[in-house]
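So the structure is just underneath, and the comments pick up after that.
For clarity, every value in this text was computed on a predicted model and none was experimentally measured. Every chain is numbered from 1, with letters handed out A, B, ... down the list of sequences.
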Amino acid sequence: MNLDSLINKLNDKQKEAVISFGFPILVLAPAGSGKTRVITFKIMYLIEKIGLNPSKIVSLTFTNKAANEMKSRIIDLLPTKGKSIVASTFHSYSVRLLRKYSGLLGYKENFSIYDFDDSISVINRIKRELKLDIDANIILYTIASMKNSINSFEEYRSLIEENEFSKIIKQYIEYLKSHNAMDFDDLLLNLFFLLTSKDKNCIEASQKIRDSISYLLVDEYQDTNKLQYMIVKELLKNNSNHNNVTIVGDDDQGIYSFRGSTIENILRFENDFAGCKVICLENNYRSSQAILHAAKNVIKNNQNRKIKEMKTDNPYKSKITIFEANSPQEEALFVYEKIYQLLYKDGIRYKDIAILYRNNHLARSFEELFILKNLKHKVWGGYNFYAREEVRDVSAYLFSLLNPYDEVSLLRIINIPKRGIGTKLLEKLISQSKQNGIHIFDILKIISNDDEFKESMLINFFNENERESLKAFYELLVRYRQQIFQKEKNFSVIFNEMIEEIGYKDYLKLHNDEKTYDSKIGYLESFLSSLYNYKDEDDEYDYQNPYKIGERLRLLMNNDIEEKEEDCVNLMTIHSAKGLEFRVVFIVGAEKGIIPSSKIVDRKELEEERRLFYVAMTRAKEFLFITYCNERSKFGKKFPSYPSEFIEEIPEQDLVYDTKKIDATVTANDIASIKNLLINKMK
DNA sequence: CAGCCGACTGTTTTT
DNA sequence: CAGTCGGCTG
Ligand SMILES: Nc1ncnc2c1ncn2[C@@H]1O[C@H](COP(=O)(O)OP(=O)(O)OP(=O)(O)O)[C@@H](O)[C@H]1O
């Protein structure tokens with residue numbers, strides 16, 4: 001698209017933010033006022049008009065989904081050049097830099113990234129060693145808040161010393177470092193340390209990093225915390241780039257204070273970047289008048305906010321529908337029926353519809369119903385599909401097949417299903433591998449070869465039974481690896497055969513009750529069929545390149561990429577819906593104790609919950625539904641539940657109450673559709 | 001010492 | 001209700 005016609009799609013204020021160059025810009029504006037549009041159009045302007053190199057433009061935000069949204073909107077504008085622009089989360093930008101420079105900080109460049117569960121097991125291990133009995137969650141929370149609030153390396157050091165858990169914290173840090181691992185916060189922290197280090201090599205590297213940025217943009221700025229702000233400041237210390245920054249945000253949408261994001265960051269920015277120009281946008285282009293009017297009246301109940309104008313030229317459209325359900329199942333049925341009433345009306349598609357909730361587990365009743373009814377949907381985030389035990393197991397098989405020297409994967413599945421390689425034998429194997437400096441897979445190889453085995457000293461350590469078990473495992477891997485190299489069958493087919501041969505499904509059956517088994521099989525099948533359907537654009541004919549499959553799987557597991565977006569109904573938390581928009585939005589579980597959460601202790605936190613509700617409402621373009629249950633099960637017992645006070649804050653004139661009775665019993669139709677589902681599965 | 005059983009406990013939100 | 005932990009048994 002040409003630049004001038006593009007610029008004309010902006011209002012005057014947006015235009016000003018886009019074409020201002022040579023001084024820092026801070027755009028403060030409410031939901032749906034076109035802040036992300038400012039970012040994307042400005043990038044195009046910088047490239048086409050100012051002539052900046054696309055690969056030197058860096059655009060950051062906090063959440064994955066917002067980063068993806070930003071990236072895809074950039075690519076819509078700039079299909080080719082857009083690809084070289086860095087548009088990502090702070091975390092993945094840090095990873096990218098640290099993969100290059102972490103050697104300077106005493107890590108190897110291939111450091112691994114520990115997620116929350118990994119960190120918990122490290123803490124538990126140390127707890128056992130030190131014979132301490134402290135809640136691991138509290139320790140990790142303490143560590144996280146320390147890491148995210150410091151001003152310097154020295155301050156970090158002394159904070160650790162002073163902390164009451166200092167001993168366990170130090171061991172945790174040491175453990176990670178000696179295992180060449182970083183947790184999520186380390187990713188940011190180490191980048192910050194690199195940028196502020198006095199070491200000669202670090203200074204040189206930092207200079208290279210700064211030189212690689214000619215313009216920096218930050219979206220959803222209200223979600224950044226102090227550490228992220230410090231990184232922004234450090235990245236812009238070049239004479240040539242320290243004015244080249246545009247930051248956009250909205251104080252009414254700050255919903256991450258639990259991890260240290262604060263609106264003080266906005267004040268800090270105004271102070272630290274001299275000559276900064278603040279631009280406010282007022283016009284909302286996203287939502288109907290009904291929705292905007294309602295949202296405005298909710299958020300105005302917050303005392304701690306900058307008052308701002310919000311208006312829209314959009315039509316009034318429909319009022320907001322409120323529905324009271326007798327159970328989560330009935331709530332799901334209501335949503336389901338509404339979805340079918342709206343689908344294809346005015347061209348509404350599945351992907352135009354979102355179901356938003358406060359807590360991940362609220363997705364459950366909807367997911368269950370949609371599976372039953374065969375409604376196309378995707379649950380974003382939550383209990384990560386790739387974190388599931390069965391998915392991790394078979395993925396480890398996949399990685400071991402492709403690269404048997406991937407020892408994390410190999411060790412995970414070496415005794416799954418049980419094949420006589422217990423902890424004792426495993427310890428021996430690992431210590432032999434360490435002592436002789438030979439990879440475990442190579443030890444297996446020697447053990448499996450009669451002559452080599454007899455000549456090696458391994459014969460002194462492994463008896464005949466143990467040897468048989470190890471050999472069987474080795475030969476299994478080798479046999480399937482050969483099949484892969486022969487390329488006679490597609491990888492997914494070979495892999496499927498292997499999973500059948502090892503009896504993984506029987507293993508699951510043995511170790512789980514019937515219900516869990518069924519769901520695990522479901523996840524396993526969907527994993528395997530995703531492999532079956534996998535096709536890379538570069539793959540010739542119908543041949544699947546196994547290494548591409550493996551690479552993609554790694555990225556998916558690390559959350560570096562999301563699966564291809566399909567036309568389905570979206571289910572996600574309000575937090576992760578930030579920055580997105582949908583024609584139809586259902587806010588479900590709008591109950592006291594859910595939103596606002598029962599955890600809140602003061603007015604400040606109540607205001608954050610209200611901001612969350614405001615974010616949810618302002619995701620909707622045309623249709624907004626708010627539903628709640630009057631009864632909900634907790635801990636296996638039923639409790640009454642009451643509508644959220646935020647619903648009462650919406651003016652009556654914008655509301656309609658749906659009182660349709662929903663029959664929540666399972667119908668003959670449902671049974672027929674389950675039957676169909678099963679028959680289709682068997683085919 | 002692995003595996004099973006029963007008692008106990010506890011639901012924010014993301015990277 | 002579901003997931004975790006600790007103690008008991010083979
Ligand atoms: N000047 C404009 N004219 C017409 N449509 C616009 C204009 N600016 C933005 N829009 C549209 O309005 C919608 C909201 O814009 P955008 O997502 O950029 O808002 P935002 O301020 O980033 O919202 P949020 O803070 O909620 O993420 C988008 O669909 C966008 O294409």
Nucleotide dT11(B), atom P - distance to CD1 of I594(A) in whole Å: 15 Å
Side chain of K599(A) (C-beta onward), nearest among dT11(B), dT15(B), dT13(B): dT11(B)
For atom CG of N148(A) and atom C1' of dT14(B), their distance in whole Å: 11 Å
Y156(A)-F193(A) aromatic ring centre distance below 6.0 Å: yes
Qualifying residues under side-chain contact (heavy atoms from CB on, under 4.5 Å), relative to L97(A), sequence neighbours excluded: Y93(A), L191(A), I209(A)
Between dT14(B) (P) and W380(A) (CH2): distance, integer Å: 14 Å
Selection from dT13(B), dT11(B), dT15(B) that lies nearest to any side-chain heavy atom of K634(A): dT11(B)
Distance between C1' atoms of dT4(C) and dT13(B) (Å, rounded): 23 Å
Spacing between K147(A) atom NZ and dT15(B) atom C1', to the nearest angstrom: 12 Å
Gap between atoms NE2 and P, on H361(A) and dT11(B) respectively (whole Å): 11 Å
Residue list, side-chain contact (heavy atoms from CB on, under 4.5 Å) with E631(A), at least two apart or on another chain: K638(A)
Minimum-distance nucleotide (side-chain atoms of R364(A) versus dA2(C), dT15(B), dT11(B)): dA2(C)
Spacing of Q222(A) atom CD relative to dT13(B) atom C1', expressed in whole Å: 15 Å
Touch class at under 4.0 angstrom, heavy-atom based, for K637(A) against every strand present: nothing
Atom-to-atom span, CD of E608(A) to P of dT14(B) - whole angstrom: 13 Å
side-chain N/O T573(A) vs dT14(B) OP1/OP2, d < 4.0 Å: yes
Per N360(A) side chain, nearest of listed nucleotides dT11(B), dT14(B), dT15(B): dT14(B)
H575(A) ring over dT14(B) six-membered base ring, under 5.5 Å and 30°: no
Involving DNA chain C, stems made of at least three consecutive Watson-Crick or G-U pairs, both distances under 3.5 Å: B:1-10 with C:1-10
Y628(A) side chain near S644(A) side chain, heavy-atom distance below 4.5 Å: no
For nucleotides 2-9 of chain B, list the nitrogen or oxygen atoms of the protein found under 3.5 Å from its nitrogen or oxygen atoms, one pair per line.
| residue | atom | partner | partner atom | Å |
| --- | --- | --- | --- | --- |
| dA2(B) | OP1 | T423(A) | OG1 | 2.4 |

side-chain contact (heavy atoms from CB on, under 4.5 Å) against Q253(A), all qualifying residues, sequence neighbours excluded: A31(A), K35(A), Q222(A), D250(A), K578(A), Y614(A), V615(A), R619(A)
Test side-chain hydrogen bond (donor to acceptor under 3.5 Å, both in side chains) applied to R611(A) - qualifying residues, sequence neighbours left out: E608(A)
Sugar-phosphate only, base, or nothing, as touched by F258(A) at under 4.0 Å among non-hydrogen atoms: base
Main-chain N/O of Q228(A) paired to N225(A) side chain as donor or acceptor, under 3.5 Å: yes
Residues forming a side-chain contact (heavy atoms from CB on, under 4.5 Å) with A325(A), sequence neighbours excluded: F323(A), E330(A), E331(A), C629(A)
Nearest-angstrom distance from the residue atom NZ of K578(A) to P of dT15(B): 11 Å
Set of ring pair (Phe, Tyr, Trp, His ring centres under 6.0 Å) partners for F62(A), sequence neighbours left out: Y256(A)
Any residue meeting side-chain hydrogen bond (donor to acceptor under 3.5 Å, both in side chains) with R268(A), in chain and number order, not counting sequence neighbours: N265(A)
